[in-house]
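No experiment lies behind these values; they were computed from the predicted model shown.
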Amino acid sequence: MTARFAHASLVTLGFTVPAPASAATATAAATSCYGGAVTVHYGDVLDFGPYWTTSRCNDINMRVVGGDAEYVVACVKFAKTGVCNRWTRVGWAWTTVATDVLDGTKFTVPNGVDLEGSSATIQIAF
């Protein structure tokens with residue numbers, strides 16, 4: 001009897017248990033982040049950018065989408081410090097190269113390919 005009373009009280013007070021995040025919600029968030037990605041080609045410039053982070057993504061993400069390189073190495077160089085955060089190996093799947101970046105942060109992306117003479121088309125989502 002106590003259990004029924006406690007349950008009835010919670011409902012009466014308007015408490016609800018939030019539904020767990022669905023796979024569809026996670027997919028929609030990723031789509032909106034990656035949907036704003038820019039496409040760049042290795043060799044066009046020394047550093048990609050400058051770019052400014054947006055509210056679309058919480059992180060800065062990259063992936064290889066073309067060329068003959070198996071991967072690229074890249075870092076994020078924030079304009080405020082002028083220093084790379086860390087070099088990250090980026091392949092054909094989305095890879096986070098900087099996390100929890102504030103909206104409106106100016107950055108560039110220095111990069112290199114796996115072998116001299118390789119080509120790569122890269123997407124950057126921010």
Side-chain angles (χ1 to χ4, degrees):
M1 182 126 175
T2 305
R4 286 185 183 177
F5 178 74
H7 178 67
S9 296
L10 290 176
V11 172
T12 303
L13 294 175
F15 290 108
T16 58
V17 178
S22 68
T25 303
T27 301
T31 300
S32 65
C33 176
Y34 301 147
V38 297
T39 301
V40 292
H41 304 282
Y42 174 78
D44 288 352
V45 293
L46 185 57
D47 293 356
F48 298 130
Y51 304 113
W52 286 262
T53 55
T54 66
S55 59
R56 266 192 325 272
C57 302
N58 191 42
D59 305 323
I60 299 171
N61 307 283
M62 291 180 63
R63 72 175 175 173
V64 176
V65 294
D68 58 8
E70 289 183 33
Y71 63 89
V72 298
V73 289
C75 71
V76 174
K77 186 189 300 182
F78 295 103
K80 187 174 184 175
T81 63
V83 178
C84 277
N85 61 339
R86 70 179 184 283
W87 287 94
T88 303
R89 183 177 168 156
V90 177
W92 291 71
W94 283 109
T95 303
T96 302
V97 292
T99 58
D100 297 325
V101 184
L102 295 174
D103 293 351
T105 301
K106 183 179 179 181
F107 69 97
T108 58
V109 182
N111 59 88
V113 292
D114 57 346
L115 295 171
E116 189 63 37
S118 292
S119 64
T121 301
I122 303 159
Q123 287 187 318
I124 308 170
F126 46 92

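Considering all non-hydrogen atoms of both residues, V113 and A120 come closest at CG1-CB, 4.2 Å. Looking at every heavy atom in both residues, P50 comes nearest to K106 through CB-CE, 3.7 Å. Closest non-hydrogen pair, A37 versus Q123, comes out as CB-CB, 4.2 Å. Scanning both residues, V64 and A69, for their nearest heavy atoms gives CG1-O, 4.2 Å. What you find for T53 and F126 is that their closest heavy atoms are CA-CD1, 4.1 Å. When all heavy atoms of I124 and M62 are compared, the closest pair comes out as CG1-CG, 4.0 Å.
In the hydrophobic cluster analysis, where Ile, Leu, Val, Met, Phe, Trp and Tyr join through side-chain heavy atoms closer than 4.5 angstrom, V38 is grouped together with V76. With hydrophobic clusters built from ILVMFWY side chains whose heavy atoms lie under 4.5 angstrom apart, Y42 shares a cluster with V45. Cluster membership check: Y34 does not share its hydrophobic cluster with F107, using side-chain heavy-atom separations under 4.5 Å among Ile, Leu, Val, Met, Phe, Trp and Tyr.
A disulfide (SG to SG under 2.5 Å) check over residues 97-126, counting only residues at least two apart or in different chains, returns nothing. Pairs passing the disulfide (SG to SG under 2.5 Å) check and including a residue from residues 87-126, sequence neighbours excluded, do not occur. Residue pairs meeting the disulfide (SG to SG under 2.5 Å) criterion with at least one member in residues 80-126, sequence neighbours excluded: C75-C84. Screening residues 85-126 for disulfide (SG to SG under 2.5 Å) gives no qualifying pairs among residues at least two apart or on separate chains. Under the salt bridge (Lys or Arg N to Asp or Glu O under 4.0 Å) criterion, no residue pair touches residues 61-72, with sequence neighbours excluded. Residue pairs meeting the side chain to side chain donor-acceptor pair (under 3.5 Å) criterion with at least one partner in residues 81-95, sequence neighbours excluded, are absent. Applying the salt bridge (Lys or Arg N to Asp or Glu O under 4.0 Å) rule to pairs touching residues 35-54 yields D47-K77, sequence neighbours excluded.
To the nearest 0.5 Å, atom CG of residue L46 and atom CG of residue N111 are 8.0 Å apart. Distance SG/C57 to CG/D103: 9.5 Å, rounded to 0.5 Å. For the atom pair OG1 (T105) and CH2 (W52), the distance works out to 11.5 Å, reported to the nearest 0.5 Å.
Scored by the side chain to side chain donor-acceptor pair (under 3.5 Å) test, D114 finds S118 as partners (sequence neighbours excluded). Checked against side chain to side chain donor-acceptor pair (under 3.5 Å), T54 has no partners two or more places apart in sequence or in another chain. Judged as a side chain to side chain donor-acceptor pair (under 3.5 Å), and not counting sequence neighbours, the contacts of D100 are N58. Annotation: side chain to side chain donor-acceptor pair (under 3.5 Å) contacts of D59 (sequence neighbours excluded): none.
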Would you sort out whether I122 and F48 count as a side chain to side chain contact (heavy atoms under 4.5 Å, CB included), showing the intermediate values? CA-CA 10 Å; I122 303 159; F48 298 130; 3.8 Å; yes

Can V109 and V97 be said to form a side chain to side chain contact (heavy atoms under 4.5 Å, CB included), step by step? CA-CA 9 Å; V109 182; V97 292; 5.8 Å; no

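V83 belongs to no hydrophobic cluster, as no Ile, Leu, Val, Met, Phe, Trp or Tyr side chain comes under 4.5 Å of its own.
With no hydrogens or angles considered, a side-chain donor-acceptor pair links T96 and N61 at under 3.5 Å.
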